[in-house]
Protein chains: 2
Amino acid sequence: MVRRTREEAEQTRSLLLDTAETLFWEKGVSRTSLADIAQAAGLTRGAIYWHFQNKVDLFTAMCQRIEPSFFALFDALEAEAAVNPARALWRHVNRVLATITGDARITRVIGIINLRCELVGEMDAIQVENERGQERCHGHLTRAFEAAQRLGQLSAGTTPCHAAAGLQALVKGIVHIWLLTPRNLPLPDCGTACLSPYFQGVFVGDCWLDADDGAPHDAL
Amino acid sequence: MVRRTREEAEQTRSLLLDTAETLFWEKGVSRTSLADIAQAAGLTRGAIYWHFQNKVDLFTAMCQRIEPSFFALFDALEAEAAVNPARALWRHVNRVLATITGDARITRVIGIINLRCELVGEMDAIQVENERGQERCHGHLTRAFEAAQRLGQLSAGTTPCHAAAGLQALVKGIVHIWLLTPRNLPLPDCGTACLSPYFQGVFVGDCWLDADDGAPHDAL
DNA sequence: TTTTACATACATTCTCGTATGTATGTAAGA
DNA sequence: TCTTACATACATACGAGAATGTATGTAAAA
């Protein structure tokens with residue numbers, strides 16, 4: 001077997017991950033065998049076992065490839081929330097939608113996690129990781145809503161914790177529906193239209209509006 | 001093999017479905033074999049194959065068992081929307097959450113569909129059916145929002161179609177998060193708290209409030 | 001020369017669909 | 001009413017294919 005350079009080996013690894021993404025989306029994780037992935041990549045299972053311990057390891061690596069993008073989104077939220085929390089939250093969720101819909105890899109991996117795998121048994125560790133991520137997200141959002149509350153931006157009766165949970169649920173739901181049936185919920189424009197009522201309910205007046213948005217009434 | 005009465009056979013069939021629900025939730029659909037289900041039910045695979053053509057058929061029958069409950073929910077929405085659409089919508093979504101969280105079978109089946117299976121390949125027919133259901137749901141909600149609009153209940157800039165999509169997404173997200181981590185989003189109370197801001201944003205004033213709810217500010 | 005990045009071979013297990021066996025329910029006939 | 005023939009509701013056995021993990025081979029990089 002022709003030995004490869006380290007660069008080439010790294011390219012093989014990426015090719016395997018890219019191929020896995022494609023097949024996992026098409027056929028589901030369970031029904032995609034390592035032989036399927038190897039063949040589609042023009043390699044053999046030996047290559048997969050060289051780079052990854054097993055299917056779960058391959059799947060985990062695939063998921064980890066998109067993590068940095070989400071860290072960056074929350075970093076940005078935190079920075080902007082120090083100035084105008086409500087507007088920061090509006091920008092954040094719009095960026096989240098734009099990121100998910102605008103990056104093919106992120107779209108694929110999020111789609112696979114949500115619709116193409118069963119995170120139980122050996123995959124449970126990934127499920128636990130997802131829950132952690134969800135809780136971190138909720139924490140970030142809650143802190144931004146708390147900051148908004150201190151500035152008097154929250155509408156009467158709105159609690160940061162619940163507002164955060166609701167927003168998280170709304171975004172999750174929008175993404176989920178979009179993944180299932182993209183034509184029924186064209187993003188990102190339709191996402192903005194779905195998010196507006198929530199922001200109208202949670203904040204006072206239009207403190208959450210971005211100067212670039214103009215009036216949402218006109219955009220709808 | 002002892003032949004059974006029709007009643008007993010029907011009981012066997014139900015037992016198989018119940019057992020499948022339990023195991024599908026625990027282990028995922030793919031990783032639950034028909035032999036697993038048969039053994040857990042104290043039967044053999046022969047019994048499964050007598051009642052169902054294959055695993056997909058069993059899975060389909062399991063899903064169909066919860067359909068009537070959802071038809072009833074939308075029938076009620078339609079009837080109540082004729083009187084007060086906004087309030088009808090509020091009642092509807094609260095009933096949806098109560099139904100999903102209050103019926104063990106519905107919880108299980110919804111959980112399995114959302115988190116424990118990969119609806120591709122042979123399961124695609126079920127996926128198509130889900131999409132249809134989602135579209136019917138969207139239609140129901142849109143019509144209720146249109147009725148609300150005709151009565152001047154919608155806030156300025158809100159379109160029925162988008163309001164319906166957003167509400168659908170919000171409920172879906174709430175249920176999804178609850179299924180994943182019930183302790184993080186205790187339903188139904190927390191669901192109501194997450195839904196209130198959306199209703200506040202979508203409707204004018206408190207036309208959506210149910211007389212039994214009192215002021216949501218107090219409940220939160 | 002040693003190590004690496006694969007390819008290939010081997011062995012095992014699992015799951016499925018189908019065929020066959022079997023005891024009993026049920027309906028029809030005597 | 002009893003008997004019989006058929007159908008039923010399972011249990012068991014068979015065979016085939018698929019997928020996995022591990023061991024081994026190999027040519028080239030380091």
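Throughout, protein chains are lettered first and strands after them, A, B, ... in sequence-line order, and every chain is numbered starting at 1. All heavy atoms count here, side chains included; hydrogens, waters and symmetry mates do not.
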Value in whole Å for how far the C1' atom of dA28(D) lies from CD of E7(A): 16 Å

Below 4.0 angstrom, N of the basic side chain to O of the carboxylate: do E8(B) and R13(B) qualify? no

Quick one: E10(B) CD to dC10(D) C1', roughly how many Å, whole number? 15 Å

Starting at CZ of R6(B) and ending at P of dG25(C), how long is that distance when rounded to a whole Å? 13 Å

Would you say T12(B) places a side-chain N or O within less than 4.0 Å of OP1 or OP2 belonging to dC10(D)? yes

Using whole Å, what does the distance between atom C1' of nucleotide dA9(D) and atom CZ of R13(B) come to? 14 Å

Taken to the nearest whole Å, CZ/F52(B) to C1'/dA9(D) is 13 Å

Could you check whether H92(A) and F74(A) have their ring centres less than 6.0 Å apart? yes

For W50(A) and dA28(D), give me the distance from atom CH2 to atom P, rounded to whole Å. 17 Å

Listed nucleotide nearest any side-chain atom of T5(A), set dA30(D), dA5(C), dA9(D): dA30(D)

Taking atom C1' of dC14(C) as reference, at what distance in whole Å does atom NZ of K55(B) sit? 12 Å

For Q39(B), look at atom CD and say whether over 12 heavy atoms of other residues, nucleotides or ligands are found less than 6.0 Å away. no

Specify whether W208(B) and W90(B) have parallel, tilted or perpendicular ring planes, treating 30° as the upper limit for parallel and 60° as the lower limit for perpendicular. perpendicular

What I want to check is whether the side chains of N94(B) and T192(B) have a donor and an acceptor closer together than 3.5 Å. yes

Any cation-pi pair here, R116(B) with W25(B), using under 6.0 Å and within 45°? yes

Contacts to DNA chain D from residues 14-46 of chain A, heavy-atom cutoff under 4.0 Å, which residues? S33(A), L34(A), R45(A)

What integer distance in Å separates E8(B):CD from dA11(D):P? 13 Å

Under a 3.5 Å cutoff, is there a donor and acceptor pairing between the side chains of D36(A) and S33(A)? yes

If a stem is a run of at least 3 consecutive Watson-Crick or G-U pairs, both distances under 3.5 Å, which stems include DNA chain C? C:1-30 with D:1-30

Tell me whether the side-chain N/O atoms of H51(B) come closer than 4.0 Å to OP1 or OP2 in dA9(D). no

Closest non-hydrogen contact found for L15(B) with T19(B) is O-OG1, 2.6 Å

Ion pair check, R31(B) and E26(B), cut-off under 4.0 Å: no

